[in-house]
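Data first, discussion second: the structure below is written as structure tokens.
Within every chain, numbering begins at 1; the chains are lettered A, B, ... in the order of the sequence lines, protein sequences first and strands thereafter. Quantities reported herein were computed from a predicted structural model and do not represent experimental measurements.
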Amino acid sequence: MINAENTVRECAKQAVGALYGDGGALPELQVAKTRKEFAGDYTLVTFPLLKLSRKSPEQTATEIGEWMREHCGETIGDFNVIKGFLNLSLTPKFWLGCLGDLMQTPNYGFVCDSGKSVMVEYSSPNTNKPLHLGHIRNNLLGYSVSKILEANGCNVLKANLVNDRGIHICKSMLAWLRFGGGETPESSGMKGDHLVGKYYVAFDQAYKAEIRQLMERGLDEEQAKREAPIMKEAQEMLRRWEAKDPEVYGLWERMNSWVYAGFDETYRAMGVSFDKVYYESNTYLLGKELVQKGLEQGVFFRKEDGSVWADLTGDGLDQKLLLRGDGTSVYMTQDLGTAVQRREEYNLDKMIYVVGNEQNYHFQVLKLILGKLGFGWADGIYHLSYGMVELPEGKMKSREGTVVDADDLIAEMIETARTVAVEAGKLDGLSDEEIAEISRMVGLGALKYFILKVDPKKTMLFDPRESIDFNGNTGPFIQYTYARIKSLQRRGAGAGDTAAAASAGAQFDEGRVPEPKEIELIKLLAEFAGVVRQAGEEFSPAVVAAYAYDLAKEFNQYYHDYPILKEGVSEADRQFRLSLASQVADTLGRAMGLLGIEMPERM
RNA sequence: GGUCCCGUAGCUCAGUUGGAUAGAGCAACAGAUUUCUAAUCUGUCGGUCACAGGUUCGAGCCCUGUCGGGAUCACCA
């Protein structure tokens with residue numbers, strides 16, 4: 001009953017079968033929501049049926065409409081025909097029943113268990129610098145997609161693969177040894193990841209100074225970059241790390257622990273979490289046996305210098321290196337190994353990698369090679385490729401200091417939310433704790449919604465001025481709608497019958513005729529399940545965001561025109577409207593929950 | 001040069017997989033408030049869907065080409 005579109009489709013199918021069927025297969029029927037300019041709820045497009053009916057579009061539509069009204073009178077109330085479009089209106093009784101069903105389905109739209117296991121890998125930071133705006137998009141996407149897949153009944157494992165090794169870490173370590181004077185997060189009061197990031201920058205500055213000196217002595221730039229003593233020392237440090245030199249290894253562990261403490265704080269502030277954390281220092285050797293096996297199977301080949309390659313020229317790609325001449329592995333080797341390991345460990349149906357689109361080629365190759373090695377599950381690998389976040393001035397460049405720091409941005413958003421609310425007198429009479437909590441929800445809600453409403457695969461522009469706007473198509477707009485309904489519920493409760501309105505409200509006056517706006521709202525509420533499914537299929541939080549905005553906007557218009565608790569509203573209207581509003585709030589709350597956005601009870 | 005992605009209102013973005021007269025928000029302007037919360041609502045202005053062909057009853061969407069923007073093609077990760 002809830003799925004109105006399917007109900008219409010079923011009835012239309014019967015109609016077409018009865019009128020024009022010859023027992024053969026019928027074409028897929030095109031049923032869509034009726035456009036706002038026309039009367040009706042759902043529209044059947046008859047053009048594809050003309051071959052079958054051998055009549056004009058108008059005649060065909062009229063015939064089908066009449067048949068449906070006659071045989072499905074419980075649901076189909078009226079119809080009109082414009083050109084080849086059959087616009088069908090459903091009966092008030094149908095819509096009331098639909099709302100009743102929605103109210104008795106507490107988790108409408110969420111599937112319990114699809115029996116599928118999915119791993120979503122996201123975040124995957126380097127440990128040499130703090131998180132920035134690009135990471136925020138990554139984290140929000142990964143977390144939201146995890147929620148969406150859970151809502152689709154998947155058993156989701158959120159994974160983080162931390163890049164904790166390599167030359168970049170050694171750079172921070174070396175600079176800290178040279179210039180740090182024993183400084184720690186405790187002694188400096190600095191967040192650990194920022195402290196380590198500071199020394200990464202310090203290394204870069206020292207490195208550049210050395211290059212300049214060498215070039216003044218007559219070396220060309222390439223030579224100078226190679227010969228700079230500080231770089232040589234960093235490379236030496238990496239060798240000592242790989243040899244597990246206690247001194248270097250100890251420092252590495254110590255500085256990484258600072259970074260992890262800092263990251264944890266940022267993750268907590270963003271409201272994201274992980275079920276499983278991997279470290280590249282543990283996984284970077286994986287995949288070598290796999291390459292060996294592929295070599296024996298003839299899937300790969302060896303060059304004269306001993307390096308191993310996959311030849312993908314037959315697939316329109318190039319050759320890909322898998323093992324260096326000295327037998328050491330590369331990025332691809334490791335990813336092949338970890339994929340196989342995860343698949344064996346968790347028997348995953350899908351593996352989703354939330355990684356920027358600059359790695360499209362990498363994941364294309366990864367899938368292809370796993371397929372060549374005979375792993376059928378390679379089809380279940382999906383690279384959730386997202387576009388860059390750009391600033392009004394252009395791309396973020398760490399060298400030019402235009403990187404937007406994650407911690408700073410979050411703090412700024414929350415502070416702005418607080419200022420705006422306090423100035424508007426929204427939070428008068430609340431305690432400091434309550435003000436802080438609401439500001440946090442609203443500030444983060446603005447940030448998260450601003451980023452997640454954009455289709456993941458598109459490059460997006462982050463304009464700080466716009467992101468901090470709380471009007472229009474924004475997170476706070478939706479939160480506000482929710483808070484207003486919560487306020488209604490509190491007041492309604494004061495009048496005496498909360499539970500009645502909320503739970504037992506499923507029975508309405510049979511003869512009630514809902515307003516068009518009310519039908520529009522019920523229709524939207526009923527669409528939620530389809531939205532959750534679509535968002536899951538497309539791995540797109542943006543689908544959910546658009547829906548939440550539509551619903552909030554629709555409700556705000558309704559709220560403006562129809563009093564709910566005011567004087568003079570009949571008991572029946574009050575009951576019905578409050579039930580409808582409650583259903584809207586509930587759906588908004590769950591939709592925004594899929595985006596990782598919390599909803600304040602008041603704001 | 002090869003491969004992939006993108007191009008929709010001044011700006012930021014939608015466009016339900018090929019359906020009706022292409023929609024929102026922001027910005028600008030004009031209105032609505034003795035507030036069931038105005039962080040709201042209503043209206044005006046704003047378009048050669050980059051361009052040119054093609055496919056068909058019908059194209060912003062599919063195909064081909066052109067132009068423009070981005071990414072990638074490392075014994076970096």
Given [options], which nucleotide is nearest the side-chain atoms of [X]?
X	options	answer
A:Tyr361	B:C41, B:C36, B:C73	B:C73
A:Leu461	B:C6, B:A77, B:C13	B:C13
A:Gln30	B:C13, B:G19, B:C36	B:G19
A:Asp318	B:A14, B:A20, B:C73	B:C73
A:Val454	B:C36, B:A14, B:C6	B:A14
A:Val330	B:A77, B:A71, B:A20	B:A77
A:Glu466	B:C11, B:C73, B:U21	B:C11
A:Tyr480	B:C13, B:U40, B:G19	B:U40
A:Lys458	B:C36, B:A14, B:G25	B:A14

Hey, does the side chain of [X] come within less than 4.0 Å of [N]'s phosphate (OP1/OP2), counting only N and O?
X	N	result
A:Arg491	B:C36	no
A:Gln557	B:U42	yes
A:Asn473	B:U12	no
A:Arg490	B:C36	no
A:Arg35	B:A22	no

Taking O4'-C1'-N9-C4 for purines and O4'-C1'-N1-C2 for pyrimidines, is B:U17 syn (within 90° of 0) or anti?
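Syn conformation here, the glycosidic angle of B:U17 being no more than 90° from 0.
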Aro-ring/base stack A:Phe47-B:G19, d under 5.5 Å, angle under 30°
yes
Verify stack between A:Tyr559 ring and B:C36 base, 5.5 Å, 30 degrees
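A:Tyr559 ring centre within cut-off of B:C36 base, planes near parallel; stacks.
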Parallel, tilted or perpendicular: rings of A:Trp252 and A:Trp241 (30°, 60°)
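Plane angle over 60°, so perpendicular.
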What orientation do A:Phe462 and A:Phe450 show, parallel under 30°, tilted 30 to 60°, or perpendicular over 60°?
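The rings of A:Phe462 and A:Phe450 stand perpendicular, inter-plane angle above 60°.
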A:Tyr562 six-ring face occupied by A:Arg577 cation (under 6.0 Å, within 45°)
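The answer is no; the distance or angle limit is not met.
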Categorize [X] for me: base, sugar-phosphate, or nothing, with a 4.0 angstrom heavy-atom threshold over every strand shown.
X	value
A:Lys395	sugar-phosphate
A:Glu280	sugar-phosphate
A:Arg602	base
A:Pro48	base
A:Gly325	base
A:Val442	base
A:Tyr449	nothing
A:Asn471	sugar-phosphate
A:Thr43	base
A:Met460	sugar-phosphate
A:Lys33	nothing
A:Asn87	base

For RNA chain B, what are the stems built from at least three Watson-Crick or G-U pairs in a row, each pair having both distances below 3.5 Å?
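RNA chain B forms these stems: B:1-7 with B:67-73, B:10-13 with B:23-26, B:28-32 with B:40-44, B:50-54 with B:62-66.
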[atom1] of [X] versus [atom2] of [N]: gap in Å, rounded?
X	N	atom1	atom2	value
A:Asn357	B:G69	CG	P	18 Å
A:Leu524	B:U16	CG	P	16 Å
A:Asp469	B:A27	CG	C1'	10 Å
A:His383	B:C4	NE2	C1'	12 Å
A:Phe363	B:U3	CZ	C1'	18 Å
A:Lys457	B:C5	NZ	P	10 Å
A:Glu121	B:A77	CD	P	16 Å
A:Leu368	B:U3	CG	P	16 Å

A:Tyr353 OH to A:Lys367 NZ distance, which is reported to the nearest 0.5 Å:
11.0 Å
Roughly how far apart are A:Met599 CE and A:Ile478 CD1, rounded to 0.5 Å?
7.0 Å
Taking 4.0 angstrom as the limit, do [X] and [Y] come out as a salt bridge?
X	Y	answer
A:Lys517	A:Glu515	no
A:Glu434	A:Arg602	no
A:Lys523	A:Glu5	no
A:Lys225	A:Glu221	yes

Does A:Asn163 or A:Phe470 map to a spot on RNA chain B nearer the 5' end, using the closest nucleotide for each?
A:Phe470
Need to verify one output field. Residue with the more 5' nearest nucleotide on RNA chain B, A:Thr34 or A:Tyr562?
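Going by which nucleotide is closer to the 5' end, it is A:Thr34.
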For atom [atom1], what is the distance between [N] and [M], given to the nearest Å?
N	M	atom1	value
B:A59	B:A20	C1'	14 Å
B:G47	B:G7	C1'	15 Å
B:U72	B:C76	C1'	14 Å
B:C5	B:C62	P	11 Å

Return yes if a side-chain donor-acceptor contact under 3.5 Å exists between A:Asn87 and A:Thr43, otherwise no.
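The criterion, which ignores hydrogens and geometry beyond distance, is satisfied for A:Thr43 and A:Asn87.
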Do we see a donor-acceptor contact under 3.5 Å between the side chains of A:Lys232 and A:Gln235?
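Result is no, nothing qualifies.
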Can you give me the closest heavy-atom contact between A:Val532 and A:Ile148, atom names plus distance?
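Closest approach of A:Val532 to A:Ile148: O-CG2, 4.2 Å.
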Considering non-hydrogen atoms only, spot the tightest contact between A:Met396 and A:Val403 and give its length.
SD-CA, 4.0 Å
Looking at A:Phe470, A:Tyr549, A:Tyr482, which hits ring pair (Phe, Tyr, Trp, His ring centres under 6.0 Å) with A:Phe477?
A:Tyr549
Go through residues 532-555 of chain A and report each residue with a non-hydrogen atom lying under 4.0 Å from RNA chain B, sorted by number.
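A:Glu538, A:Tyr549, A:Lys553 - these, ordered by number, are the residues of the stretch whose heavy atoms sit under 4.0 Å from the strand.
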If you take any heavy atom closer than 4.0 Å to RNA chain B, which residues from residues 307-315 of chain A end up in contact?
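Close to the strand are A:Ser307, A:Trp309.
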